[in-house]
Amino acid sequence: MLYTKCNKKKIIALVDCNSFYVSCERLFNPKIKNVPVVVLSNNDGCVISRSTEAKQIGIKMGEPYFKVKHLVKKNNIAVFSSNYALYGDLSRRVMNILKKFSSCIEYYSIDEAFLDLTDMIIENINDYIVEMKKIIYQYTGIPVSIGVASTKTLAKVANFLAKKKDNGVENLTIRSSNEINSILQKIDVRDIWGVGSQLSKLYKKNNINNGYELKIKNTAWIRKNTNIIGLKTVAELNGISCIDFNDGENAPRKSCCVSRSFGKKVETLQELEQSITSHCLNAAEKIRQDQQLVKSVVIFIKTSPFDQSNFISLSKKVDLPIATDDSFVLLDICLKALSEIFIKGQKYQKAGVFFLGLQNKENYQANLFSIKDSEKSGKLMKILDDANLKFGRNFMSVGDVGFRGSWKMRRDYSSRIDTSDFECLPTVNSG
DNA sequence: TCTGGGGTCCTAGGACCC
DNA sequence: TCTGGGGTCCTAGGACCC
């Protein structure tokens with residue numbers, strides 16, 4: 001049944017921006033063009049983007065910053081806090097260009113997209129992707145790698161190869177199956193898309209060490225020892241496309257989470273209330289933007305998981321009788337839930353809000369008990385959202401978000417670049 | 001009061017991704 | 001001293017029903 005959809009060989013391209021966050025910072029700062037650069041996660045916690053030079057020095061993806069600080073110092077690595085407003089803006093520009101190369105496109109992440117080229121009339125795929133890469137660079141300054149293959153999983157493999165090549169593109173659809181097999185033999189099973197730390201442990205224990213060994217593994221064994229996703233990965237390595245292509249531009253979100261670690265540990269209820277308030281309001285704004293309503297709410301607070309002996313994680317779920325997008329209602333629920341789970345005397349490290357069971361507002365409206373109330377609330381929420389859009393996040397707020405709380409996120413190395421700010425335009429000297 | 005099996009639905013938790 | 005955030009999907013197991 002898994003295979004029935006696949007009667008025609010597909011042509012799928014995966015476009016992936018190279019060291020995306022680093023590339024974004026480099027656009028506005030030519031001085032860091034050929035030097036090692038890293039970008040840190042929120043709170044300056046971990047390394048989440050590395051330039052080629054930084055990779056060569058041995059900085060690993062996801063490593064805590066404090067553990068590599070000595071390497072940073074010794075090698076003069078340029079360090080940046082993440083600036084998601086900037087990355088989001090540049091991502092949109094790249095994706096807009098990709099739209100011109102295929103009408104069937106899946107925005108997979110901030111720096112990646114799948115393009116289905118199956119039904120397009122293209123004389124030469126290789127020329128097409130070389131052109132695509134060139135245009136993206138010319139229009140945005142962002143370098144990308146492009147891999148093409150008959151399935152998403154193989155397109156990931158192709159992209160993995162493309163990243164190591166000078167021209168930055170790889171097309172597996174023109175390679176023989178023998179060539180593909182020998183390529184897969186050289187790829188560690190952990191590097192196959194869909195194989196994470198747990199699966200790779202299981203595979204290696206059972207002598208499946210590379211992509212080829214996974215490809216030829218008996219499917220009954222895979223089914224018995226993993227799950228449907230494991231089975232799909234194997235099918236895809238065999239050229240059978242069975243992972244859905246999600247080209248719905250606005251596939252609605254099913255859940256929405258806003259959470260943050262604190263810049264320093266938090267012990268008081270008041271500070272937790274401020275952070276939960278801020279997260280709740282931000283999440284509410286997000287779902288209103290998407291015309292969605294919330295059916296249940298979860299809030300959580302936890303101490304640091306790295307302090308194993310003292311780790312606690314507290315949470316509470318509340319189901320709403322009527323789905324809503326009203327910040328007042330949601331905030332009320334969140335703060336009440338917080339007061340119920342709060343335990344004194346703990347050093348909290350993180351707090352967050354989940355909105356679950358999101359549903360489309362249009363479809364739900366008719367079920368509301370009081371249309372009038374919801375209209376009133378809708379107008380008020382719109383004023384709130386418009387003001388915050390115009391004057392910046394949290395300009396207008398409903399509760400106490402503690403404007404200068406010492407618990408707020410650390411961002412010590414931000415480039416503070418804003419693409420809507422003229423001051424940030426680079427200066428060009430003509431002579 | 002004791003007995004069985006099979007179905008659905010829901011949820012918590014885990015694994016994975018970037 | 002200092003270890004990100006936001007998603008999706010799948011499964012096992014419990015509750016409930018007949």
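Numbers restart at 1 for each chain; the letters A, B, ... are given by sequence-line order, proteins then strands. Since we're looking at a predicted model, the values are computed, not measured.
Distance check: F300(A) CZ to S313(A) OG gives 7.5 Å after rounding to the nearest 0.5 Å. One distance of note links NZ of K215(A) with CD of Q185(A); it measures 10.0 Å at 0.5 Å rounding.
K156(A) comes within 4.0 angstrom of sugar-phosphate atoms only, judged by non-hydrogen atoms across all strands, and of no base. Using a 4.0 Å heavy-atom cutoff across all strands shown, K264(A) reaches no nucleic acid atom at all. Counting any heavy atom pair closer than 4.0 Å across all strands shown, K69(A) reaches no nucleic acid atom. Among the heavy atoms of the strands, none lies under 4.0 Å from D44(A). L40(A) comes within 4.0 angstrom of no nucleic acid atom, judged by non-hydrogen atoms across all strands. Residue S197(A) is classed as a sugar-phosphate contact, given heavy-atom separations below 4.0 Å to backbone atoms only. Within the 4.0 angstrom heavy-atom criterion, no nucleotide atom of any strand lies near Y65(A). Counting any heavy atom pair closer than 4.0 Å across all strands shown, R223(A) reaches sugar-phosphate atoms only and no base atom. Among the protein residues, K152(A) comes within range of no part of the nucleic acid, since none of its heavy atoms lies under 4.0 Å from any strand. Residue contacts for N43(A): at a heavy-atom cut-off of 4.0 Å it reaches no nucleic acid atom on any strand shown. Residue contacts for E112(A): at a heavy-atom cut-off of 4.0 Å it reaches the sugar-phosphate backbone alone, with no base atom in range.
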Q: For the pair F262(A) and Y348(A), evaluate ring-ring contact (aromatic ring centres under 6.0 Å, His included) and give the outcome as yes or no after the intermediate values.
A: CA-CA 8 Å; F262(A) 300 121; Y348(A) 295 100; 8.0 Å; no
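With respect to F160(A), the side chain to side chain contact (heavy atoms under 4.5 Å, CB included) criterion is satisfied by exactly one of I187(A), I192(A), I183(A): I187(A). None of T151(A), V157(A), V148(A), N159(A) except one satisfies the side chain to side chain contact (heavy atoms under 4.5 Å, CB included) rule with L172(A); the exception is V157(A).
Along DNA chain C, the stretch of nucleotides lying under 4.0 Å from any heavy atom of chain A spans, 5' to 3', dC2(C) to dT11(C).
Taking 4.0 Å as the cut-off between side-chain N and carboxylate O, E213(A) and K217(A) do not count as a salt-bridged pair.
Both F306(A) and C256(A) lie close to DNA chain C; mapped to their nearest nucleotides by heavy-atom distance, the more 5′-ward contact belongs to F306(A). Nucleotides of DNA chain C nearest to S259(A) and G45(A) differ in position, and the one nearer the 5' end is that of G45(A).
A donor-acceptor contact under 3.5 angstrom links the side chains of W407(A) and Q274(A), judged on distance only.
Rounded to whole Å, the separation between the P atoms of dC17(B) and dT3(C) comes to 24 Å.
In this structure, the side chain of Y128(A) engages the main chain of F101(A) through a donor-acceptor pair within 3.5 Å.
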Q) Under a cut-off of 3.5 Å for both distances of each Watson-Crick or G-U pair, what dot-bracket string does DNA chain B give, using [ ] for crossing pairs and | for inter-strand pairs? A) ....||||||||||||||
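Sorted by first then second residue, the ring-ring contact (aromatic ring centres under 6.0 Å, His included) pairs that include residues 211-247 of chain A, not counting sequence neighbours, number zero.
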